[in-house]
Amino acid sequence: MPGNLPESAAPLTADLNPEQRAAAEFGDGPLLIVAGAGTGKTRTLVYRVAHLVDRGVRPERILLLTFTRRAAREMLGRVERLVGSTGSRVHGGTFHATAHRLLRAYGERAGIAKNFSILDQGDAEDLMGIARSTLGHGERKSRFPKKETLQFVYSRHVNTEIPVADILREELPQFVDDLPDVMKVFEVYTARKAERNLVDYDDLLLFWAGMLEQAPELGERISGLYEHILVDEYQDTNSLQARVLRGMCRTHRNITVVGDDAQSIYAFRGANFKNILEFPKQFEGTTMVTLEHNYRSTQPILDVTNALIARARERFTKTLWTDRRGGEAPMLVTAHDENDQTRYVVDQIMALNEQGTPLREIAVLFRAGYMSADLEIELAARKIPFEKWGGLKFLEAAHVKDVLAFLRVLENPRDEVSWYRVLRLLPGIGEATARSAMTWLTERAWDPDAFAHWRPPPRAREAHAELVTMFAELRTPPTSRIRALAVEIARIRTMYDGILREKYDRPEPRLSDLDQLEAIAAGHPERAAFLAELALAPPSSTQDLAEGTTGEDDLLILSTTHSAKGCEWDAVFLIWAADGWFPSSRALRDEDEAEEERRLMYVAMTRPRKALHVVFPVNVYSSRWGADYSMAQLSRFIDVEVRGRMQRRSAGGHASRPGSTPGGVSGARQEVDLREMLRGRFGA
DNA sequence: TTTTGAAGTCTCTCC
DNA sequence: GACTTCAAAA
């Protein structure tokens with residue numbers, strides 16, 4: 001069976017270049033593929049999986065770990081197209097999703113009760129807050145880290161395996177003396193999670209590693225599940241994930257990792273690109289393959305990105321090259337202000353679209369989610385459909401979390417975080433009352449029926465009764481085998497919508513978020529799976545501002561640079577390329593952070609196939625204290641070397657306003673901009 | 001103890 | 001400009 005390349009394998013890898021083929025057809029043992037941007041690393045990985053299947057490895061014995069769910073889906077789809085339907089049996093997903101699956105299957109044997117709820121970051125912060133105030137840090141005594149800070153330190157500690165004391169010393173020196181108290185909070189936090197059957201993101205990885213390392217039999221069993229493990233975006237893994245991989249490979253050592261140290265952009269989450277540099281040391285006898293032939297971009301674009309990354313302190317040096325001659329040099333566009341930037345981008349997009357580039361082949365990238373606000377308004381006004389990736393506001397929105405809290409209480413009656421949230425929604429119940437109700441429930445061992453006997457303060461009587469009725473109704477086993485989840489949400493909304501209307505001045509957009517939640521839920525019959533999926537793979541786009549964009553297929557993509565990793569488009573616009581925005585002023589505290597910002601910009605600029613426009617606004621309105629307007633500088637990364645390889649152009653401003661920018665709607669001479677006149681009038 | 005209004009804070013990236 | 005925190009009133 002494991003015969004060497006029978007004729008069926010020849011066509012399989014025939015369209016790979018020699019290096020790619022070497023990687024795809026590599027046999028057993030550790031393999032490190034260092035692949036520059038656009039060198040076909042996904043393709044290589046896909047072909048490698050296909051080759052393994054072709055060679056006779058059973059698909060369900062292959063595990064493909066990716067960074068996002070989108071990547072997993074895409075790669076498995078491509079595997080399937082290569083090897084047929086058996087390809088769908090390959091296991092794939094993110095580290096967290098895989099950990100979750102294993103924990104649901106084997107967790108009970110390791111002391112994790114089933115039906116645990118997953119805490120997302122916000123929930124974890126809330127619970128940290130509860131732990132914090134339990135220990136009496138609620139009052140404004142001496143300064144003590146906020147719940148968000150505590151959660152950050154905790155998570156950093158778990159993921160990087162750096163002692164808490166060191167993290168405090170390095171990152172938060174003002175709290176060094178609080179170490180004992182901080183540890184105590186973590187202790188309570190951990191204990192509460194256990195009591196309430198809660199699992200946070202970090203636990204998913206930690207428990208996975210724990211099962212492998214601490215439980216001899218279980219570890220044997222789990223590490224024996226797979227014969228081959230392949231990991232994408234290895235530069236963005238952290239020490240804990242590396243530990244998990246070592247555990248998974250302790251018997252066979254068949255591990256393939258792919259990555260590019262020049263594209264490591266998740267240090268803020270504990271990722272350590274030294275993982276990839278040290279891979280050969282961790283796995284002795286590693287074979288290394290380097291991919292440098294870029295198939296994505298034209299040479300002028302590569303000239304610019306090579307110059308950009310040349311100054312980085314990367315260790316695996318690669319110089320990307322292509323044989324795609326021709327193409328325009330990337331454009332460096334100076335805009336008068338944000339409005340000009342927006343107008344330039346929209347005009348260019350419309351022109352490209354008229355010339356035949358579909359909208360979905362165009363993307364606008366930016367450093368942070370909020371930077372696209374002005375653009376979104378303009379796109380909506382011009383009826384250009386778009387989808388926004390990243391900045392996952394949807395799940396973080398208070399009203400969505402509220403509705404989910406009801407569901408989670410139903411799912412896990414011990415879910416303290418969700419109980420707390422639900423209770424405080426009721427009129428007449430605030431922090432103190434909610435807390436006493438929690439104590440009351442704890443004393444009754446979280447018996448789901450006990451809540452009906454709790455005596456609320458008089459003002460909350462009615463709401464309490466309503467809630468009890470609703471929970472009773474929803475807990476009654478439905479007559480049909482499975483009650484549609486969407487029906488449950490609809491029932492919750494009969495109670496919650498009223499609360500929402502009271503709470504917010506403009507409830508409509510929030511109500512439509514809930515409609516969307518209901519719609520998403522309609523596709524998931526099972527409550528537990530739905531809640532887990534929401535936590536692990538949140539819907540990637542928020543509700544669009546533009547109306548009538550639902551069901552559109554040809555959408556413009558707006559994305560944070562982080563969410564754009566691994567993707568490519570014909571044309572890419574990078575906006576807000578101004579110092580302080582990109583690099584973000586908050587990410588310049590030390591040289592390592594600045595380096596990561598450089599790599600992030602490298603990721604952004606290596607996305608386009610044919611056209612790259614880098615835009616920066618000179619005059620920026622800032623709502624911070626001081627001057628209303630200030631002058632922005634071009635991003636420090638676009639230095640002489642980089643700039644010299646770009647065409648310069650200025651957008652809009654006074655010079656080109658009357659005739660509109662090239663490519664825009666020509667002929668219509670514009671004397672005044674009424675939209676402009678209105679915008680900013682009401683302080684927006 | 002909850003609610004309300006006003007002052008104050010801080011803007012990110014994601015599983 | 002949105003969200004949190006704080007102090008005073010109901």
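Since we're looking at a predicted model, the values are computed, not measured. In the text below, chain A, chain B and the rest are named by the order of the sequence lines, each starting its count at 1. In what follows, every heavy atom counts, from backbone to side chain, and hydrogens, waters and symmetry copies are set aside.
In the model, A:Tyr154 has no side-chain atom that pairs as donor or acceptor with a side-chain atom of A:Asp202 under 3.5 Å.
In this structure, the nucleotide among B:dC15, B:dC12, B:dC14 sitting nearest to the side chain of A:Ala368 is B:dC12. You'll find that the side chain of A:Arg459 is closest to B:dT3, out of B:dC12, B:dC15, B:dT3. Relative to the side chain of A:Arg367, the nucleotides B:dT1, B:dC12, B:dC15 differ in distance, and B:dC12 lies closest. The nucleotide whose nearest atom lies closest to any side-chain atom of A:Arg510 is, among B:dC15, B:dT13, C:dC3, C:dC3.
Atom CD of A:Glu148 is separated from atom P of B:dC14 by 18 Å (rounded to the nearest Å). A:Tyr370 has its OH atom 13 Å from the P atom of C:dG1, to the nearest Å. Here B:dT1 presents its P atom at 17 Å from CG of A:Leu426, a figure rounded to the nearest Å. In this structure, A:Tyr201 atom OH and B:dC15 atom C1' are separated by 6 Å, rounded to whole Å. Between the C1' atom of B:dC10 and the CZ atom of A:Phe152 lies a distance of 17 Å, rounded to the nearest Å. What separates NZ of A:Lys147 from P of C:dC3 is a distance of 14 Å, to the nearest Å. When the P atom of C:dG1 is taken as reference, atom CG of A:Asp374 falls 11 Å away, rounded to whole Å. In this structure, CH2 of A:Trp389 is placed 12 Å from P of B:dC14, rounded to the nearest angstrom.
Along DNA chain B, the nucleotide closest to A:Thr68 and the one closest to A:Arg586 are compared, and the more 5′ of them pairs with A:Arg586. Two residues, A:Ala97 and A:Gly430, neighbour DNA chain B, and the one matched to the more 5' nucleotide by heavy-atom proximity is A:Gly430.
Within the nucleic acid shown, A:Thr561 has no heavy atom closer than 4.0 Å to any nucleic acid atom. Using a 4.0 Å heavy-atom cutoff across all strands shown, A:Lys146 reaches sugar-phosphate atoms only and no base atom. Note on A:Phe95: nothing from the nucleic acid sits closer than 4.0 angstrom, heavy atoms only.
Distance alone, capped at 3.5 Å, places no donor-acceptor pair between the A:Trp208 side chain and the A:Val244 backbone.
A cation-pi arrangement is found for A:Arg104 relative to A:Phe116, the charged atom lying closer than 6.0 Å to the ring centre and inside a 45° cone about the ring normal.
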Dump the intermediate steps for side chain to side chain contact (heavy atoms under 4.5 Å, CB included) on A:Leu375 and A:Thr342, then the final yes or no. CA-CA 5 Å; A:Leu375 181 64; A:Thr342 296; 3.9 Å; yes

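The environment of CD in A:Glu443 is crowded: more than 12 heavy-atom neighbours from other residues, nucleotides or ligands sit within 6.0 Å.
Between the side-chain ring of A:Phe268 and the base of B:dT13, a stacking contact exists by the 5.5 Å and 30° definition.
Nucleotides B:dC12 and C:dT5 place their P atoms 15 Å apart, quoted to the nearest Å.
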